[in-house]
Amino acid sequence: MNRADAETLDATDPLARFRDAFALPPGVIYLDGNSLGPLPRAAVERVALTVGQEWGQGLITSWNAAGWIEAPQRLGGKIARLIGAKANEVVVADSTSVNLFKLAAGALSLRPERRTLIIESGNFPTDVYVLEGVCALSGAMLKVLPPDEVLGAVDADTAAVVLTQVNYKTARRWDMAATTAAVQAKGALMLWDLCHSAGAVACDLNAANADLAVGCSYKYLNGGPGAPAFLFVAERHQAQIRSPLSGWMGHAAPFAFEDRYRPAADIGAMLCGTPPILGLAALEAGLDLQLEADPKAVEAKGLSLCRLFIDLVESRCAGHGLVLTGPRDMAQRGLHVSFAHPEGYGLVQAMIARGVIGDFREPDIARFGFSPLYLSHADVWDAVEILRDVLETKAFEAPEFRTRAAVT
Ligand SMILES: Cc1ncc(COP(=O)(O)O)c(C=O)c1O
């Protein structure tokens, strides 16, 4: 394998045209779109329009005239197409953490006779923290179990199981359909966190008969820093589920200003307060772009980039102490690759200084994301050559790479 071979793979890339749709700085190979996606050029215009025209000129009339009030449902309908849901099963609102709080409590409302929630250990910390909060308020019990013990622990007291389809560190991917079926066979509900799935890997919530799901939009959906998140409630649960955050936007008639709460009968009941219009405007540009790409081609290219990265690191950087974390079988992984290394932090910093942006996860993980819309196989080749140089020159030992920044 050499750089020309990587270029040959790129020559038939059906997604190559998407690279120009992003305003990536020159000289940067961006391997952190699994944490914060880059800026879609269309977002600049879309946000300028929303600020200058809709807010500046339209003022409050834009809630109706510019479709602001329907934005959570409109964008939800767009995300639904990416995650195998119906348009009326998804809304965009709040953060992933807040949406998880609403749906975990909502799951307890759907299974009132059951008092246990189960989550995997090693999950992204907010998922466990949020469930701890839900259990503290509701009196339900939380079981935090290693992934391979989760399914065996589901019993008649389990209201819901919360799993992240693609693990944030290892990229291990759950089999969504088989796992959902196993959980539901015990009468429990299945709640998926799709933060590392949406816009990256195949995800078909309805085909898997999933009950509930949450996810963020600032990673592979390129919605921008702090972009509003999404949530999914299967149509069959919408009339019964209760959100613990009974805000006015989830009311059956928000503009009737009734004295008491009456939940909307549809997915709108999962809304709480006023939608963040500027964030939604940026996100819509990212979603419109993503919807132009064939999801099968997105996953196939992403896995091809990951496979090439793993092969090249293990061949060209052999003997430098990098250990692959997570599955080798492509069918069992998402679109980021993690290598453990005792100097993981310095390694990532030295690469960033050379224009290859990845990230570090405690305690020793150098993590690299392979977002298919703007990366090429040649980028992967170049990134590995830079990694090899950092390892061979021990550039990670430089004093400036020793002090950890607040955000790693
Ligand atoms: C699996 C998972 N869930 C949740 C989050 C973050 O949640 P929030 O958007 O509320 O910060 C992340 C962030 O990386 C994540 O990886």
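Remember, it's 1-based here, ligands and their atoms both numbered in the order they're listed. Below, each value reflects all heavy atoms present in this structure, side chains not excepted, and no hydrogens, waters or symmetry copies.
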Atom 15 (C) of ligand 1: nearest protein contact (heavy atom, Å): F124 CG, 3.4 Å
Residues Q238 and N88: side-chain donor-acceptor under 3.5 angstrom: no
D20/R41 ion pair, N-O < 4.0 Å: no
Any H320 side-chain heavy atom under 4.5 Å of V390 side chain: no
Short N or O distance, S97 and ligand 1, threshold 3.5 Å exclusive: yes
Close-contact set for ligand 1 against D193 heavy atoms, below 4.0 Å: 1 (C), 2 (C), 3 (N), 4 (C)
From L189 atom CG to Q184 atom CD, the distance as rounded to the nearest 0.5 Å: 7.5 Å
Part of L100 within contact of ligand 1 (heavy atoms, under 4.0 Å): neither
Residue pair T164 / N167, side-chain donor-acceptor N/O under 3.5 Å: no
Interfacing atoms of ligand 1 (cut-off 4.0 Å, heavy-atom, K219): 13 (C), 14 (O), 16 (O)
For atom 16 (O) of ligand 1, closest protein heavy-atom neighbour: H196 NE2, 2.8 Å
Per-atom contacts of ligand 1 with Y218, taking only distances under 4.0 Å to non-hydrogen atoms: 6 (C), 7 (O), 8 (P), 9 (O), 11 (O), 13 (C)
Close-contact set for ligand 1 against T96 heavy atoms, below 4.0 Å: 4 (C), 7 (O), 8 (P), 9 (O), 10 (O)
Under 4.0 Å to a heavy atom of S95 - the qualifying atoms of ligand 1, by number: 10 (O)
N/O separation below 3.5 Å, Y168 to ligand 1: no
Check: R242 side chain, P263 main-chain N or O, donor-acceptor pair, under 3.5 Å: no
Centroid separation H196 to F124 less than 6.0 Å: no
Mutual orientation of the aromatic rings belonging to Y345 and F360 [parallel < 30°, tilted 30-60°, perpendicular > 60°]: perpendicular
Check: T164 N/O within less than 3.5 Å of ligand 1 N/O: no
Ligand 1 to T126 polar contact by distance, N or O atoms, under 3.5 Å: no
